[in-house]
2 protein chains.
Amino acid sequence: MKSSPVAERACGPALEGPDLRAVEGPEADAELAELAKALGHPARVRILRLLVRKDACICGEIVGELPLAQSTVSQHLKVLKESGLVRGEVDGPRTCYCVEPRAVRRLKALVGSL
Amino acid sequence: MKSSPVAERACGPALEGPDLRAVEGPEADAELAELAKALGHPARVRILRLLVRKDACICGEIVGELPLAQSTVSQHLKVLKESGLVRGEVDGPRTCYCVEPRAVRRLKALVGSL
DNA sequence: ACAATTTATCGTCGATTTGCGATGAAGTCT
DNA sequence: AGACTTCATCGCAAATCGACGATAAATTGT
């Protein structure tokens, strides 16, 4: 059996520790642009919000919340995953998506530096 | 004569007053997506940073800072202007671009709500 | 009036994005 | 094993983006 040993479970252990990267300079600009680009679509903003609120989710549930086809939602999730804002772990037949708090903090820091 | 009456001058009077719009919900999502999309390119992040630092600028100076053609920079400025993050006022033969602090604050509020 | 400067716009090209249905891969259940 | 579920991936079409050179528009200076 593989029933979750913990009741309220997110995807996995969140990466912790302070962020040492600079919030300015060419690299930071590229980083901010990449994160912003990932957020540059209403569906992806919505998805990220859903994940933040629920703290754990599955693609299926997300599809139900959006007026989009399953394949389209999967694509958006892929974009979010590639940006680092979201993490996905395979859990049996489903995939458990969750926010990567570190990346969200990073985004906030970068935007805050404007 | 139209010499600037003030030494350090930005574009014009910044829109002031508190922002009453919600930071969540479908409208906020669309707004965040739009602002994020405008920032979703390294050149535009760079331009915005330049404007924030200088507090007033002209397209020509910006072109000098970027490895892009003048027409391309003009396009990026147009995108930023349409997003509301930047304002441009015609000033003689040039155009004076400057940040719209209200929009930047709004962006920070929206990102902060994630 | 004319030349020079500064910025915006147009047209074009290739690349990327967005959306979808169809299909494939992986796992669960009976 | 076979049916079913869940999600990813593959093509494909339409739209948008990013970059450029060329050109137009507006203003200044001579």
Side-chain angles (χ1 to χ4, degrees), chain A residues 1-4 11-12 29-30 32-48 50-51 54 56-83 85-98, chain B residues 1-4 11-12 29-30 32-48 50-51 54 56-83 85-98:
Chain A
M1 327 76 182
K2 292 265 297 283
S3 58
S4 309
C11 271
D29 287 358
L32 174 51
E34 202 176 313
L35 290 171
K37 194 172 182 182
L39 264 191
H41 192 290
R44 290 196 288 267
V45 172
R46 189 134 162 59
I47 291 173
L48 192 63
L50 285 172
L51 291 179
K54 289 211 166 190
C57 233
I58 344 176
C59 181
E61 298 180 19
I62 300 176
V63 170
E65 301 280 345
L66 296 175
L68 294 171
Q70 178 266 325
S71 60
T72 306
V73 173
S74 191
Q75 279 286 355
H76 283 306
L77 281 165
K78 187 179 180 182
V79 172
L80 286 171
K81 216 168 66 180
E82 284 171 351
S83 78
L85 285 166
V86 152
R87 202 147 40 104
E89 292 190 354
V90 175
D91 171 29
R94 337 180 218 303
T95 302
C96 166
Y97 279 103
C98 66
Chain B
M1 325 78 193
K2 293 264 296 284
S3 59
S4 310
C11 270
D29 287 358
L32 174 51
E34 202 176 312
L35 290 171
K37 193 172 180 180
L39 265 190
H41 192 291
R44 292 196 288 267
V45 172
R46 190 133 161 60
I47 291 173
L48 191 64
L50 285 172
L51 291 178
K54 289 212 166 189
C57 232
I58 343 174
C59 182
E61 297 181 20
I62 300 175
V63 171
E65 301 280 345
L66 296 176
L68 294 172
Q70 179 266 324
S71 59
T72 305
V73 173
S74 191
Q75 279 287 354
H76 283 306
L77 281 165
K78 187 180 182 182
V79 172
L80 286 171
K81 215 168 66 179
E82 284 172 350
S83 79
L85 286 167
V86 151
R87 200 147 41 103
E89 293 190 353
V90 175
D91 171 30
R94 334 179 222 303
T95 301
C96 168
Y97 280 103
C98 66

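Residue numbers begin at 1 in each chain, while the letters A, B, ... track the order of the sequences.
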side-chain contact (heavy atoms from CB on, under 4.5 Å) partners for A:Val73, two or more places apart
A:Ile47, A:Cys59, A:Ile62, A:Val63, A:Leu66, A:Leu68, A:Leu77
If you measure from CZ on B:Arg94 to SG on B:Cys57, what distance do you get to the nearest 0.5 Å?
12.5 Å
Intermediate values then yes/no, side chain to side chain contact (heavy atoms under 4.5 Å, CB included), A:His76 and A:His41
CA-CA 9 Å; A:His76 283 306; A:His41 192 290; 3.9 Å; yes
Reported CG-to-CG distance for the pair B:Leu51 and B:Leu80, which is rounded to 0.5 angstrom
8.0 Å
A:Gln70/A:Ser74 under side chain to side chain contact (heavy atoms under 4.5 Å, CB included): CA gap, chis, key distance, verdict
CA-CA 6 Å; A:Gln70 178 266 325; A:Ser74 191; 4.1 Å; yes
B:Leu39 CG to A:Leu35 CG distance, which is reported to the nearest 0.5 Å:
11.0 Å
In Å, rounded to the nearest 0.5 Å, how long is the span from NZ of A:Lys54 to CD of A:Glu65?
6.0 Å
What's the CD-C1' distance between A:Glu82 and C:dT18, to the nearest Å?
15 Å
Considering just the side-chain nitrogens and oxygens of A:Tyr97, establish if one lies under 4.0 Å of OP1 or OP2 belonging to D:dT6.
no
Calculate, to the nearest 0.5 Å, the distance between atoms CZ and NZ belonging to B:Arg44 and B:Lys37 respectively.
9.0 Å
The correct set of residues in residues 61-80 of chain A placing a heavy atom under 4.0 Å from DNA chain C is A:Leu68, A:Ala69, A:Ser71, A:Thr72, A:His76
Winner on side-chain proximity to B:Arg44, out of D:dA8, C:dG19, D:dG18, is D:dG18
CD of A:Glu89 to OH of A:Tyr97: how many Å apart, nearest 0.5 Å?
11.0 Å
Taking atom P of D:dG18 as reference, at what distance in whole Å does atom NE2 of B:His41 sit?
5 Å
Per-nucleotide protein contact string for nucleotides 25-30 of chain D (B base, S sugar-phosphate only, - none; heavy atom under 4.0 Å):
--SS--
Can you measure B:Glu34 atom CD to C:dT17 atom C1' for me and round it to whole angstrom units?
17 Å
Here the distance between atom P of D:dT5 and atom CZ of A:Arg94, to the nearest Å, is 12 Å
Could you tell me whether A:Lys37 contacts a base, only the sugar-phosphate backbone, or nothing, with contacts defined as non-hydrogen atoms closer than 4.0 Å?
sugar-phosphate
Separation of C:dT7 atom P from B:Glu89 atom CD, nearest Å, is 14 Å
